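Working notes for the structure below.
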Amino acid sequence: MEEAMKTNNQPEAPARKKRIFSAIQPSGQMTLGNYLGAIRNWVEMQDQFDCVYATANLHAITVRQEPKKLKENTTNLFALLIAAGVDPEKSIFFHQSMVPAHAELSWVLSTFTQFGELSRMTQFKDKSARHADNINAGLFTYPSLMAADILLYQADLVPVGDDQRQHLELTRDIAVRFNGIYGKTFVVPEPYIKKNAARVRNLLDPSKKMSKSDPNTKSFILMTDEPATIMKKFRSAVTDSEASVRYAEGKDGINNLMEIYSACTGKTYAQIEDEFRGKGYGDFKTAVGEAVVATLEPIQIRYKELISDRKYLDELAQKGAASAERLAKRTIEKVYKKVGLVR
Ligand code: ATP
Ligand code: LTN
């Protein structure tokens, strides 16, 4: 029987590309860490995979947002990602709030997520400590919405940073649980954690990661920082007293600058050590600053063009949402039917 099917003279269908889903919250401005650690990978993955990307604005409101600012941040993030190379012709790219199925599936999945599981999430524990005056139910059920994002598109792979691994594990548990009760409904997604992905550290305290929510603006580089600001921030970056550019334990500040320089130029640590042998940290910091400026400048130019045409950006997001909706609909219809919800 199987033989007969194979010999029907039809050309073999090309293997389906694996589907990727990922999202970023529009909760502030993007840093060099976000770019080198996440956004650049989104761009690279577009040729190899079938990618679905979103701004996670529904997630962003789990922390109180000023409405005008949220809207502006959402469009700015959309433009910045396109400027960085996310291509709406190659990938589906939209705002999470434009596709109602995210909220719908999130509700259903929240009834398959246990209180105990959500209570163990470290992000919930961290955020509820930081926002003690607003520990809302959405902050608690955040992972059910994230599971909905991923499972709606039947994603095979989810590129996430280490901090989101626990949420992805929970997504897998929810998918397996649901499939166990109702039969195969969801693809169980795998984390896609790129080996050697850049991990950019705080410029003033390299024991911490570079984070846009740090109160000291000198500790991070924004993707939209002016070249002069970038150069200045690198000049004030923390180093050590050895005055030797080499990657070694105990040299967190220099290691971080080497990591950034390597990520921007493609040079290996050995090549960087050769290049700066006998030179001081001043020369090295200038070179790092220049490499970062050269990496970000083309993105900034494109970003300025895009952001001046909000109507065009809205149209792109609407188009992306329409494509997303078609995929999401198949899943949500299936889920409602299986659970016994009238439509
Ligand atoms: P916050 O300051 O609110 O914690 P953040 O700047 O750490 O935010 P997120 O919005 O949580 O960033 O993360 C967006 C993506 O960027 C995630 O995939 C995360 O792993 C990645 N990312 C964030 N900071 C860095 C960093 N310093 N180095 C590498 N990747 C990073
Ligand atoms: N929680 C993630 C953003 C996010 C996401 C997702 C990532 C929302 N939905 C689905 C991957 C898949 C964050 O804060 N980095």
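As a basis for the values below, the full set of heavy atoms in this structure was taken, side chains included, without hydrogen atoms, waters or symmetry mates. Since the structure is predicted, the reported quantities are computational estimates derived from the model, not experimental observations. Counting starts at 1 for both ligands and their atoms, in listed order.
When heavy-atom distances to ligand 1 are checked against a 4.0 Å cut-off, Pro159 has no atom that comes that close, whether in backbone or side chain. If you look at Lys212 next to ligand 1, the close heavy atoms, those under 4.0 Å, come from the backbone and the side chain alike. With a 4.0 Å heavy-atom cut-off, ligand 2 is reached by the side chain of Gln164 but not by its N, CA, C or O. With a 4.0 Å heavy-atom cut-off, ligand 1 is reached by the backbone of Ser213 and by its side chain too. Here Asp163 has side-chain heavy atoms under 4.0 Å from ligand 1, and that is the only part of it that gets that close. When non-hydrogen atoms are compared, ligand 2 lies under 4.0 Å from the side chain of Ala56 (C-beta onward) but not from its backbone. Here Ile150 has side-chain heavy atoms under 4.0 Å from ligand 2, and that is the only part of it that gets that close. Under 4.0 angstrom from ligand 2, there are no non-hydrogen atoms of Leu145. When heavy-atom distances to ligand 2 are checked against a 4.0 Å cut-off, Leu168 has no atom that comes that close, whether in backbone or side chain.
Val200 O, 2.7 Å is the protein heavy atom nearest to atom 27 (N) of ligand 1. What sits closest to atom 7 (O) of ligand 1 on the protein, heavy atoms only, is Lys209 NZ, 2.5 Å. Closest protein heavy atom to atom 31 (C) of ligand 1: Gly33 O, 3.4 Å. In this structure, atom 4 (O) of ligand 1 lies nearest to the protein heavy atom Ser211 OG, 3.8 Å. Atom 17 (C) of ligand 1 has as its closest protein heavy atom Ala38 CB, 4.3 Å. The protein heavy atom nearest to atom 20 (O) of ligand 1 is Gly161 CA, 3.3 Å.
Side chains of Gln166 and Thr122: a donor-acceptor N/O pair is present below 3.5 angstrom, by distance only. No hydrogens or angles considered: a donor-acceptor pair under 3.5 Å links the side chains of Gln96 and Asp149.
With respect to Asp156 and Arg19, no salt bridge is recorded, no charged nitrogen being found less than 4.0 Å from a carboxylate O.
Aromatic pair Tyr142/Phe124: centroids not less than 6.0 angstrom apart. Side-chain rings of Tyr192 and Phe49 approach one another, their centers coming within less than 6.0 Å. In this structure, Phe115 has its ring center under 6.0 Å from that of Phe140.
Residue Asp163 places no N or O, backbone or side chain, under 3.5 Å from any N or O of ligand 2. For Asp149, a nitrogen or oxygen atom sits less than 3.5 Å from a nitrogen or oxygen atom of ligand 2, counting backbone and side chain alike. In terms of N/O distances under 3.5 Å, ligand 2 is approached by Tyr142.
Between Ser22, Ala198, Pro26, it is Ala198 that holds the heavy atom closest to atom 29 (C) of ligand 1. For atom 23 (C) of ligand 1, the nearest non-hydrogen atom from the set Ile260, Asp162, Asn34 belongs to Asn34.
Contact annotation: the side chain of Met231 approaches that of Glu290 to within less than 4.5 Å [non-hydrogen atoms, C-beta and beyond]. Within the 4.5 Å cutoff, the side chain of Thr31 has no heavy atoms near those of the Met223 side chain.
Below 30°, between 30° and 60°, or above 60°: for Tyr261 and Phe284 the angle between ring planes is above 60°, a perpendicular geometry.
Rounding to the nearest 0.5 angstrom, the gap separating the NE2 atom in His95 from the CG atom in Leu316 is 9.5 Å. With rounding to the nearest 0.5 angstrom, the CE atom of Met98 is 10.0 Å from the OG1 atom of Thr74.
For ligand 2, the atoms lying closer than 4.0 Å to a non-hydrogen atom of Gln25 are 14 (O).
Taking the ring axis of Tyr336 as reference, the NZ or CZ atom of Arg343 stays within 45° of it and closer than 6.0 Å to the ring centre.
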